[in-house]
Amino acid sequence: MDIEREIARLNPRQKEAVLHTEGPLLILAGAGSGKTRVITMRAAYLLHRGAAAQSVLAVTFTNKAAREMRGRVSMMVRGKGNGGPIISTFHSLCLNILRREIEHLGYRKDFTIYDTGEQISLLRNILSDIRFHDKTFKIESVLERISRSKNDYVSAAAAASPEDDKIEEVTERLSPKYHEALRTLNALDFDDLLLFTLRLFREHPAVLQRYRDRFRYLMVDEYQDTNRVQYDFIRMLAGERKNLCVVGDDDQSIYGWRGAHIGNILDFEKDFPGTAVIRLEQNYRSTGHILQAANAVIKNNGKRMEKTLWTAGKPGPRVCIFRAADAEEEARWVADRISMIRFDGNLRWEDFSVIYRANLFSKPFEEALRKLRIPYCVVGGTSYFENREIKDLAAYLKIIANPRDDLSLLRAANVPKRGLGATALGRLSKFAQTQSIPLLEAFARAEEISELGAKTAESAEEFSRMIGRYQAVFQKRRVMGDSFKALVEEIRYRDYIRELYKTPEAAMRKIENLDAFISSLAGYAVEEAAPTLQGFLETLALSDLMEEKEEKTGSGVTLISFHSAKGLEFPVVFICGVEEDILPHKKSSATADGVEEERRLFYVGITRAMKELYITYAGHRTKYGKQSGVNPSRFLDEIPGEVLQRLNHETPDADDEERFARKSLAHIKAILGE
DNA sequence: GTTAGTTCTGTTTTT
DNA sequence: CAGAACTAAC
């Protein structure tokens, strides 16, 4: 691919962004403005200009974005013999750095990464350890606080209510114990990956300097989603050179609730004096009316960088608003519309999407679509990783990889049952604690624990012997798949699953999952240049496996939340449940910032649509079993009347008639043509 | 150690 | 209303 010719085809703003290579650069990339194209081309251009591939670092949030970018860059630099630039997520980049450097911080190199589920069970263990039996709070909210404070530095905002006070108090008690526990377990949570790297950079300037010398060109995608820790990390890495290019759209910042700091993008110019700001406002995705609606809505936000999307294309049909009596009618109407439009627009089911505020709203749509035999897929819900069989077996692998990972040992020890119940495990843990040894060692020395019965002790010892054996077996890295298979056989896990799930179908699904898991390890062991069990567990923890699954489900009409829809596009979009207390959500409408983020959510939804946009709401909605009247969202009033078309059952609109006329014409032509 | 019955509580999600 | 999480009784 000839990069110069490619660049010549860009619009002026895009070209400017690609050619600006030195010094801080802020690319404000409006929705659908060809952002990915620009940053991949910019990366390729840097190499083309002679930068070493390994000196260009692009950071993304998701594996999917990283993979996509990698693919597109490699198309452009293929045959240059240079290898590609480093394209990585924040988390895997930090993980790679820590694997090399964590000993500077006094940790062992074979640390384990804990996911949310493991964080929660760790907190549960701590609670029962300190005999804290108050259950007037949710453990998840404590975890949220902990995570928030690790993303934000501040220990959560001022407590707003008594429950908040309570959670704050509990968090303060638990947090130090939680971190202590992680340390003895030789484990890091997701937030730690970033935080530790930052600490490493702060405390070891020589190490930081090495990375600064190496990464001479930095790019950050979705910059509006970065939190404060990520900001500091990037800033440190950029150093004095400040060859930092950030790409994002403040109007699409929708993750404030989990620590994303919109100030990062708003204040970028201030933080990096001499920043060049480039606005990409030409939109290649949506028709004019849709963009007008989007612009008009987002204009109502106070804190933003002024942008106006425009298109060289057609205005297209107007945005339709439909008021349904209730949720069921809303869903039926949407399903009807879909089947009708698909027919005359010659579209595929994949071209449609239904977007809503919360996943629980998918239900009525699923039903209505099923009734019309329209295929659909729901994005979101439980992930592959949450599955019991995967978690169980991963616990075995984890204890084999990291002998100090007591938490995984606790999970694996009695699954399938081997006579090591809560009492026995409690005694083993106590012993480990008093002797200050890892739990696995306590298992090996179970004989010494007088409170344990002979049978129980033998069972524990046998378990530790088995883990020891597999530690050796897994050293043969190329055949780890076989080792894993042998392990699953030895513990008779399949039988356990068959017994646990009474219906053969459910058991079958689980077994399939399990087999897929085994073959993914086998595949990893063969494909990876230097496979290790640890390495496999990392790819698992930093996700990748479940994404393969997601892509498979992508057939039929897509039912999806606003948040998950970001970055996607569909020819026809239905935005549903656009009512007060849903959008803006009740819990966000208390503060001005909250409402603004909700408005951005709506904006994200609107800008997903390429050709046709429908917005629906209901007059009544059944909430928690109770029927109640609801009001349309305040955001609807922000869409100018001239781009709107209000629909109801009785009066089909002008566009409808036009559609009907087109359809008839096409029909006649077809007949004449035959 | 399991299972049936009961209470409770309802956004958004990536790594 | 429905699903999760917890409790009490086998």
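Just so it is clear: chains get the letters A, B, ... in the order the sequence lines come, proteins before strands, and each one is counted from 1. Everything quoted here is computed from the prediction, not taken from an experiment.
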Which part of the nucleic acid, if any, lies within reach of L360(A) when heavy atoms closer than 4.0 Å are counted: base, sugar-phosphate only, or nothing?
sugar-phosphate
So which nucleotide from dT12(B), dT15(B), dT13(B) ends up closest to the side chain of Y255(A)?
dT13(B)
Hey, does the side chain of E68(A) reach the backbone of A65(A) with a donor-acceptor pair shorter than 3.5 angstrom?
no
Of the candidate nucleotides dT14(B), dT12(B), dG1(B), which contains the atom at the shortest distance from the side chain of N414(A)?
dG1(B)
Residue R124(A), side-chain atoms from C-beta onward, closest of dT13(B), dC6(C), dT11(B):
dC6(C)
Is E118(A) paired with K398(A) through a side-chain N to carboxylate O contact shorter than 4.0 Å?
yes
Sticking with atom C1', work out how far dG3(C) lies from dT14(B), rounded to a whole angstrom.
24 Å
Using a cut-off of strictly less than 4.0 Å, decide whether K64(A) has a side-chain nitrogen or oxygen near OP1 or OP2 of dT14(B).
no
Nearest-Å distance once atom P is located in both dA4(C) and dT11(B):
13 Å
Side-chain N or O of S564(A) versus OP1/OP2 of dT13(B): is the shortest distance under 4.0 Å?
yes
If stacking means aromatic ring centre less than 5.5 angstrom from the base's six-membered ring centre, planes under 30°, is H91(A) stacked on dT15(B)?
no
Of the listed nucleotides dT14(B), dT12(B), dT15(B), the one nearest the side chain of N63(A):
dT15(B)
Ring-base stacking, W257(A) with dT12(B) (5.5 Å, 30° cut-offs):
yes
Checking R258(A) against Y255(A): charged group under 6.0 Å from the ring centre and within 45 degrees of the axis?
yes
Quick one: label Y624(A) by what it contacts on the DNA or RNA (base, sugar-phosphate, nothing), any heavy atom closer than 4.0 Å.
base
Would one find a side-chain N or O of N359(A) under 4.0 angstrom from OP1 or OP2 of dT13(B)?
yes
Less than 4.0 angstrom between a side-chain N/O of S561(A) and OP1 or OP2 of dT13(B), yes or no?
yes
In whole Å, what is the span from the CD1 atom of I139(A) to the C1' atom of dC6(C)?
13 Å
Would you kindly give the CD-to-P distance between Q119(A) and dT15(B), to the nearest whole Å?
15 Å
Nearest to the side chain of K417(A), heavy atoms from C-beta on, is which of dT13(B), dT11(B), dG1(B)?
dG1(B)
Whole-Å gap separating P (dT15(B)) and CG (L143(A)):
17 Å
Write down the distance between OH (Y356(A)) and C1' (dT13(B)), rounded to a whole number of angstrom.
14 Å
Which part of the nucleic acid, if any, lies within contact of K586(A), taking any heavy atom under 4.0 Å across all strands shown: a base, the sugar-phosphate backbone alone, or nothing?
nothing
Mind checking what makes side chain to side chain donor-acceptor pair (under 3.5 Å) contact with T89(A), not counting sequence neighbours?
S92(A)
After noting the C-alpha distance and the side-chain angles of V247(A) and E222(A), does the key distance pass the side chain to side chain contact (heavy atoms under 4.5 Å, CB included) rule?
CA-CA 6 Å; V247(A) 189; E222(A) 303 282 14; over 6 Å; no
For a quick check of understanding: with a heavy-atom distance under 4.0 Å over all strands, which category does D581(A) fall into, base, sugar-phosphate or nothing?
nothing
List the residues meeting side chain to side chain donor-acceptor pair (under 3.5 Å) with K371(A), not counting sequence neighbours, and say none if there are none.
none
Identify, between D191(A) and E597(A), the residue whose nearest nucleotide on DNA chain B lies closer to the 5' end.
E597(A)
Please pick, from dT15(B), dG1(B), dT12(B), the nucleotide with the shortest atom-to-atom distance to any side-chain atom of L542(A).
dT15(B)
In whole angstroms, how far is the P atom of dT12(B) from the NZ atom of K587(A)?
10 Å
Please give, in whole Å, the distance from dA5(C) P to I120(A) CD1?
9 Å
In whole Å, what is the span from the CZ atom of R357(A) to the P atom of dG10(B)?
15 Å
Any idea which of dG3(C), dT11(B), dG1(B) is nearest the S588(A) side chain?
dT11(B)
Less than 4.0 Å between a side-chain N and a carboxylate O, is that true for D189(A) and K150(A)?
yes
